[in-house]
2 protein chains.
Amino acid sequence: MKLEQAAKQLEALGNPTRLNLYRTLVRAGEAGRPVGYLQETLGIAASTLSHHLHRLILTGLVTQERQATTLICRANYPVMSDLLGFLADECCADAACSPASGEVAA
Amino acid sequence: MKLEQAAKQLEALGNPTRLNLYRTLVRAGEAGRPVGYLQETLGIAASTLSHHLHRLILTGLVTQERQATTLICRANYPVMSDLLGFLADECCADAACSPASGEVAA
DNA sequence: CCGATATTTCGAGAATCCTGGAAATAGTGC
DNA sequence: GCACTATTTCCAGGATTCTCGAAATATCGG
């Protein structure tokens, strides 16, 4: 079910700490950010950060790559793009909501 | 804080029942749907629906209007549009993410 | 192999959420 | 005002979340 997955991703972003975390990663771009850097920047316990990071990774919104002892985290753009696509398609909120995909009212 | 509000709205949508509910309202368009209709369609207890509806209304994603004894619920497009705007602006996930708003990496 | 650094897992407490039934409230029509 | 329908509020139980500290794990440099 696509809806279930979208809900999970929205829920993952629906927490101030995680949304802030995700935003930080998006702004970091392709370079990504090490976990330790994020921990200092966000000012939360390492275990707490690990927990939130895990949730974002589970939904696919964030990926990790190991570089020696540090883990680099990156925002996974395509997944977010998919999510926005779902919202536009299923829950279109724009005035330009054309009846392109799926019956509008049956 | 805009981030706090965005997180609240994302959290409101981050539940399968509520996302489905919201989608139903979006598809209903300007006509909206009465609470009772939603309750039958979604197949959940009236009190449960009322609870979820309340959350969506608190975040501004849904509005209600009374028509005699029934309450008509409608998706509040501008709020969703604002939310998508925030995501595009702060957490841009598109390849076309230009460095228009805010420093990209400082 | 050992010490050092980076990160996760474990355990736990407080808070919040989700769900539904029962009772209360709001509004209508007579 | 009264019966009636539509909806919300109250209550409660079970599940999940959020947060952190302490301990465990992983990787590197020597």
Side-chain angles (χ1 to χ4, degrees), chain A residues 1 3-25 28 31-75, chain B residues 1 3-25 28 31-75:
Chain A
M1 278 293 113
L3 185 135
E4 293 279 342
Q5 192 186 358
K8 274 210 162 48
Q9 293 171 347
L10 288 168
E11 183 193 32
L13 294 174
N15 172 280
T17 301
R18 282 195 298 268
L19 185 55
N20 198 12
L21 165 56
Y22 183 77
R23 179 172 64 164
T24 302
L25 289 179
R33 290 281 186 257
V35 175
Y37 170 89
L38 295 170
Q39 197 241 308
E40 280 195 22
T41 300
L42 300 179
I44 57 180
S47 55
T48 302
L49 173 60
S50 187
H51 160 68
H52 286 308
L53 223 32
H54 185 63
R55 285 181 68 106
L56 286 172
I57 289 168
L58 275 185
T59 61
L61 284 163
V62 166
T63 61
Q64 279 182 333
E65 181 203 352
R66 176 145 235 136
Q67 279 186 10
T69 59
T70 69
L71 274 170
I72 307 296
C73 306
R74 289 195 188 84
Chain B
M1 279 291 115
L3 186 136
E4 293 279 342
Q5 192 188 0
K8 274 210 163 49
Q9 292 170 349
L10 288 167
E11 183 194 32
L13 293 173
N15 171 278
T17 302
R18 282 195 298 267
L19 185 55
N20 198 12
L21 166 55
Y22 184 76
R23 180 172 62 163
T24 301
L25 289 180
R33 290 281 185 257
V35 176
Y37 171 89
L38 295 170
Q39 197 241 311
E40 279 195 23
T41 299
L42 300 178
I44 58 181
S47 55
T48 302
L49 172 60
S50 188
H51 159 69
H52 287 308
L53 223 32
H54 185 62
R55 287 183 66 106
L56 287 171
I57 289 168
L58 275 186
T59 62
L61 284 163
V62 166
T63 61
Q64 280 184 332
E65 181 203 352
R66 191 171 270 289
Q67 277 186 11
T69 58
T70 70
L71 275 171
I72 306 297
C73 306
R74 288 194 188 84

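Quick note on labels: first sequence line is chain A, next is B, and so on, each numbered from 1. From a predicted model like this one, the values you see are computed outputs, not experimental measurements.
- Atom CD1 of B/Ile44 is separated from atom P of C/dG20 by 7 Å (rounded to the nearest Å).
- The two residues B/Thr69 and B/Arg66 make their nearest non-hydrogen contact at O-NH1, 3.3 Å.
- Nearer the 5' end of DNA chain D, as judged by each residue's closest nucleotide, is the contact made by B/Leu53, out of B/Leu53 and A/Thr69.
- In terms of modelled atom types and a separation under 3.5 Å, the side chain of A/Thr24 and the main chain of A/Asn20 share a donor-acceptor contact.
- Between C/dC18, C/dT8, C/dG20, one nucleotide has an atom nearer to the side chain of A/Ala46 than all others, and that is C/dT8.
- In this structure, B/Gln64 reaches the sugar-phosphate backbone alone: every heavy-atom distance under 4.0 Å involves primed, P, OP1 or OP2 atoms, never a base.
- Close approach of DNA chain D to chain B, defined as any atom under 4.0 Å from a non-hydrogen atom of the protein, starts and stops at D/dA6 to D/dT9.
- Here the side chain of B/Arg55 is nearest to one of C/dT9, C/dA26, C/dC18, namely C/dC18.
- Rounding to whole angstrom units, CG of residue B/Leu13 and P of C/dC18 are separated by 12 Å.
- Across all strands, B/His52 comes closer than 4.0 Å only to sugar-phosphate atoms, never to a base (heavy-atom distances).
- In terms of heavy-atom proximity, B/Cys73 sits nearest to B/Val62 at CB-CG1, 4.3 Å.
- Across C/dT28, C/dT8, C/dC18, the shortest atom-to-atom separation from the side chain of A/Ser50 is found for C/dT8.
- Looking only at distances, no side-chain donor or acceptor of B/Gln39 sits under 3.5 Å from a matching main-chain atom of B/Ala45.
- Listed pair B/Arg18 / C/dC18 meets the phosphate criterion, a side-chain N or O lying under 4.0 Å from OP1 or OP2.
- Counting only distance, with no hydrogens or angles, the side chain of A/Gln9 and the backbone of A/Thr59 share a donor-acceptor pair below 3.5 Å.
- Side chain of B/Arg18 to backbone of B/Ala12: a donor-acceptor contact under 3.5 angstrom is found.
- Within the nucleic acid shown, B/Ser47 comes within 4.0 Å of at least one base atom, counting heavy atoms only.
- Neither OP1 nor OP2 of C/dA6 sits under 4.0 Å from any side-chain N or O of A/Gln39.
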